[in-house]
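Here's the structure we're looking at; comments come further down.
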Amino acid sequence: MTKPVRVRFAPSPTGYPHVGNIRTALFDWLLARHAGGSFILRVEDTDVARRVEGAVEAIMDGLKWLGLDWDEGPEVGGNYGPYFQSQRLELYRDAARRLVSQGDAYYCYCSPQRLEEMRAEQVRQKQPPGYDRRCRNLTELERAQKEAEGITPVVRFKTPLEGQTRFNDLIWGEVVFEHNTIDDFVLLKSDGYPTYHLANVVDDSAMKISHVIRAEEWISSTPRHLLLYQALGFEPPQFVHHPMILGPDRSKLSKRHGAVSILEYREQGYLPETMVNFLALLGWSLDDKTEILSRKELTDNFSLERIGRTGAIFDWNKLSWMNGVYIRRLSLEDFTQRALPFLEKGLPSSVKRPLSIDYTRQIMPLIQERVRTLTEVAGLTEFFFIDGLDYDSSLLIVKKMNQESAVKALEVSKQKLVPVEAFDTGSLEAVLRPLAVELGLKAGQLFGSLRVAVTGRTVAPPLFETMSVLGKERCLERVESALGRLRSL
RNA sequence: GGCGCAUUCGUCUAGGGGUUUAGGACACCUCCCUCUCAAGGAGGAGAUCACCGGUUCGAAUCCGGUAUGCGCUACCA
């Protein structure tokens, strides 16, 4: 019987929820759900200086938005808590003390200034930077002196000087590191907080984590962790390093490349189902052709083995396309409900709030297949909501027409429209389509002119549908106003 | 500088010795549909599989080297 799958997403609350981290969480969640295991959320708040207020909430907000529910962690508890590292400090101190007494770690009294100078010197001499182990073999007397000076020491790991550590990464295969390339890293900081290395090993072990899934950038520190597992007598988990998400210049995706917080995507009108699908496909693939996968298909088919080894550039273009696909698949009601907040926010303040749901519901089918993000909805439908249209009057004169023919076209249209009782798509077409012929115009010319009159734009949803939703009164009003504009041209 | 890793169309990727004239998707171009824009349909263009050598009857696929890129190299994660 194999051990149950227990994976954890362990963000540090030092900022917004970066899509790269969220994608790691997705992989964690996908594996847990695929294998019937547990997905654990653990907050690694061990950096007091970089801690950002509200970051934990933002991270949880992002996970919830995507539907990545966690089985253990903040808000839900669990048998391996607490799930904030700041509440587990005793555990790390115990481990550090144990390591020191075993001779696997030692107190270091070097000042930050000295370390900095040392590093600068090493770089100048083109030596690999790293702690020079000055405090590794301090005598009892020397230590007592330092203590007497009131220096609070850090605890460093006593890295073996020789030998090597190797591990078999599920994605990268076997990786080997020589111990002489690893320095004596800090385990416990002078403020009493652990470093990532210590906390991560202690907790992953205590929480019985089966797979450590994290970004490729951690691969270099994995031997340190393995050394710690060994010194502490813990059984190491399976390591799974995945490639990073890159910006267009192939460097690690960062703020200067554009939106990096998952919450920004929500604000920009992307659907959570799009983000889940897109992020999953950034580094993972099912086969040679499947692009659109539902949450269920994803959890059913997910496997670590199919995660690639090369960094993937975040392609906003493809994201937009995919969002369009998901938007088009929404039921009308669902689409309306999701678009509503974006309309409330995006429409001009002159539009009376709250918006009429019924009216909005009539408009939405006209644009649903035309938008790629929810933020576009307001701009595309504005003319349905505002009173006076603002546009360049010359637009009323469509190609190969002149002022005179345009006036005539709108004039006659108006006359034909007045008696139309049922202002629906069919009736409108029945009246207007023959009219173009009658006027000796192409359908495109007449409809184009009417489109501008009625919507104020050259690009809009189909004319008859639009007019029908707008209603007879408003259409006639707008045609009249267009006529006024034409005459004073 | 050291260590580690990677390298298939512009981008995401499939493919793991012969079935590959290297498949799909986004983007791009053409055409069809059509009242504009979308959506949809049909085509097209786009990759000497980083380079050099080796193994083999045969290499995108295996091996070595080179180049380039990226990551790590904190009392940050």
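Residue numbers begin at 1 in each chain, while the letters A, B, ... track the order of the sequences. Keep in mind the model is a prediction, meaning the values are calculated, not measured.
Between B:rC35, B:rC26, B:rG71, one nucleotide has an atom nearer to the side chain of A:Lys252 than all others, and that is B:rG71.
A distance of about 32 Å separates the P atoms of B:rC62 and B:rG44, rounded to the whole Å.
Under the side-chain hydrogen bond (donor to acceptor under 3.5 Å, both in side chains) criterion, A:Gln122 pairs with no residue, sequence neighbours left out.
With A:Tyr109 as the partner, the side chain to side chain donor-acceptor pair (under 3.5 Å) test is satisfied by one option alone out of A:Lys146, A:Glu149, A:Glu147: A:Glu147.
Using a 4.0 Å cut-off, no side-chain N or O of A:Arg119 falls inside it from OP1 or OP2 of B:rG2. Put simply, A:Arg306 has a side-chain N or O that comes within less than 4.0 Å of OP1 or OP2 on B:rG15.
Judged by atom type and distance alone, A:Ser190 reaches the base of B:rC75 through a side-chain donor-acceptor pair under 3.5 Å. Judged by distance alone with a 3.5 Å cut-off, no donor-acceptor contact links the side chain of A:Gln122 to the base of B:rG1. A:Lys318 contributes a side-chain N or O that forms a donor-acceptor pair with the base of B:rA25 under 3.5 Å. No N or O donor and acceptor, one from the side chain of A:Arg250 and one from the base of B:rC70, sit under 3.5 Å apart.
In terms of heavy-atom proximity, A:Cys475 sits nearest to A:Phe423 at SG-CE2, 3.8 Å.
Contacts of A:Ser285 with the nucleic acid, taken as non-hydrogen atoms under 4.0 Å apart, involve only primed sugar atoms and P, OP1 or OP2. Residue A:Val176 is in sugar-phosphate contact alone, with no base atom involved, counting any heavy-atom pair closer than 4.0 Å across all strands shown. Here A:Phe314 lies out of heavy-atom contact (under 4.0 Å) with every strand.
Here B:rG4 presents its P atom at 14 Å from CD of A:Glu216, a figure rounded to the nearest Å.
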